[in-house]
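This report concerns only the one structure given below.
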Amino acid sequence: MDTLLKNALLATPIGNEARKGKAQREIRLIENAMVGIKDGKVAYAGPADSTLSASNEVNCGGRLLTPGLVDAHTHLVFGGWRQKELPLKLAGVQYLDILKAGGGILSTVEHTRAASENSLEVKGMALLLEMQRLGVTTCEIKTGYGLDIENEIKQLSVIRKLRKTQPMDIVATFMGAHAYPKEYSDDRPGYIEYLIGEMLPAVAKENLAEFCDIFCETAVFTPEESRRILLEAMKYGLRPKIHADEIDPIGGAKIAAEIGAISAEHLIQVSDAGINALAQRDVTAVLLPGTSFYLDKPYARARDMINAGVAVAVATDFNPGSNPCTNMQFVMTLACLKYKMTPAEVLTAVTLNGAAALGRASVCGSIELGKKADIVMWEAEDLEYIFYRYGSNLVCSVIKDGKFTW
Ligand code: NIG
Ligand code: FE
């Protein structure tokens, strides 16, 4: 064994797939546990065993160990910021109205188009470091601030570079259908034809993305357009995700179920029928309480989803507009207090179920034999503490692929 973590409190969900219903709160909790690591993978995880040894033995002093956090929904590569929208927000101007007036996502598109690939990479590195120090070992990044071939590919190339240089597993999602760029503001069907006829083939040719996402929302993409675009993306091997029923309940969840999307995300306004459809088709719900907080919107009905048998993941939605916060620990506390999810349910939501939303549940998301040794050591003696002591970074160390990265 390369490394042996001793005298730990181990808390981890179990399995190679998303946990739903009651199973979402059935985690493994072991006091005085040991975790052994070999070749970057978990080689032992269980009660103290005096027959085990390693060249590097670490006494955890009773500290909590959990799987590395999985942030399954971010928009991390972008130019500029949007702090200038703060007074508008305070004056009560709504998110979609800022977008309609050419601000919001479109202002970030302008800054992202103007930014060099190198400057986006440097900015991305700093943000990933911030996330890593907060306990994240796997994240997803969506594009959608380029909205033309050149700039969407630029964002995807930045993601590829970051993946190679940063100690973080990064999953790329193409989101050309995030908004209509200004050059198509009077020809929306024209943008959809361009996206399907030219952007999708270009993205697929470079093999830069694994998933395709769409903003299915009032005045953005209709459910019918979402279905069409995602079905086209599937022809190129991109697995579908949907920003569904975030602000208005227009039926994105039902489309997610119908086409067999891997996840439906946001879901603040989802209907009962939408929830049942997700449960029937095993679509993971990726809920984003930081966005409800920052937009001052209602919180998604996580409990109803869990009761209906939907696997719930929780992520940040980090982006410059609707949630400019990278902190998974903060969204964990929000999920606990606002969704009324138990600490065990949230732990599963931010590890194994997040991994499932990225098609990675057999690789990471739990501390089990053969999985990646992606582990967070917390400055905490029990699981509840990390939800309770919000606002401070409670991470003591992060182990990525078996190595202490900080
Ligand atoms: O998930 N809803 C659409 N996209 C992002 C916000 C992006 C932005 O405002 O820049 C979201 O909330
Ligand atoms: Fe988002």
Side-chain angles (χ1 to χ4, degrees), residues 71-86 88-89 93-113 115 120 123 127 139-147 151-152 155 171-181 211-222 226 229 240-250 252-253 256 261 263-270 284-300 313-326 328 331 334 354 357-358:
D71 191 345
H73 182 140
T74 85
H75 306 250
L76 179 136
V77 174
F78 55 85
W81 290 93
R82 304 228 292 272
Q83 67 272 42
K84 296 278 186 277
E85 286 173 10
L86 198 53
L88 290 176
K89 275 170 61 71
V93 184
Q94 294 296 303
Y95 179 78
L96 288 178
D97 293 328
I98 296 177
L99 177 62
K100 220 187 278 170
I105 295 174
L106 291 176
S107 103
T108 300
V109 169
E110 224 168 274
H111 285 100
T112 306
R113 287 178 173 183
L120 291 175
K123 180 171 177 177
L127 290 165
C139 76
E140 184 242 25
I141 304 180
K142 303 175 195 291
T143 68
Y145 294 122
L147 308 187
N151 289 291
E152 286 291 311
Q155 280 192 277
V171 177
T173 297
F174 168 64
M175 197 170 175
H178 195 196
Y180 294 91
F211 296 98
C212 182
D213 198 343
I214 186 161
F215 193 12
C216 178
E217 189 56 68
T218 304
V220 197
F221 296 90
T222 65
S226 303
I229 291 169
K241 290 176 164 286
I242 309 189
H243 277 59
D245 304 313
E246 175 181 356
I247 294 161
D248 294 322
I250 64 168
S263 61
E265 324 214 336
H266 285 288
L267 299 169
I268 292 174
Q269 301 290 351
V270 68
T284 296
V286 179
L287 305 185
L288 307 157
T291 309
S292 293
F293 172 80
Y294 191 73
L295 293 183
D296 201 13
K297 295 279 181 198
Y299 287 83
V314 169
T316 59
D317 193 23
F318 171 65
N319 73 76
S322 66
N323 188 31
C325 173
T326 58
M328 278 293 273
V331 301
L334 282 179
L358 300 178

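In listed order, ligands and their atoms are each counted from 1.
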Passing candidate, side chain to side chain donor-acceptor pair (under 3.5 Å) with His73, options Lys241, Glu140, His243
His243
For the pair [X] (side chain) and [Y] (backbone), establish whether a donor and an acceptor sit closer than 3.5 Å, ignoring hydrogens and angles.
{"X": "Thr108", "Y": "Tyr145", "answer": "no"}
{"X": "Glu217", "Y": "Asp248", "answer": "yes"}
{"X": "Glu152", "Y": "Thr143", "answer": "no"}
{"X": "His178", "Y": "Gly144", "answer": "yes"}

Should the pair Lys142 and Phe211 be classed as cation-pi, given the thresholds of under 6.0 Å to the six-membered ring centre and 45° from the axis?
no
Residues that Ala313 engages under side-chain contact (heavy atoms from CB on, under 4.5 Å), provided they are two or more places apart:
Thr284, Val286, Asn353
Run the side-chain contact (heavy atoms from CB on, under 4.5 Å) test against Ala253 and tell me which residues pass, sequence neighbours left out.
Asp245, Leu267, Val270, Leu278
Could you name the protein residues that come within less than 4.0 Å of ligand 1, counting only heavy atoms, and order them by chain and residue number?
His73, His75, Arg82, Tyr95, Ile105, Tyr145, His178, Phe215, His243, Glu246, His266, Asp317, Asn319, Gly321, Ser322
Around the Fe ion (ligand 2), how many protein N, O or S atoms are found at less than 2.8 Å?
4
Compute the centroid of each ring, for Phe318 and then for Phe78, and state whether the two points are separated by less than 6.0 Å.
yes
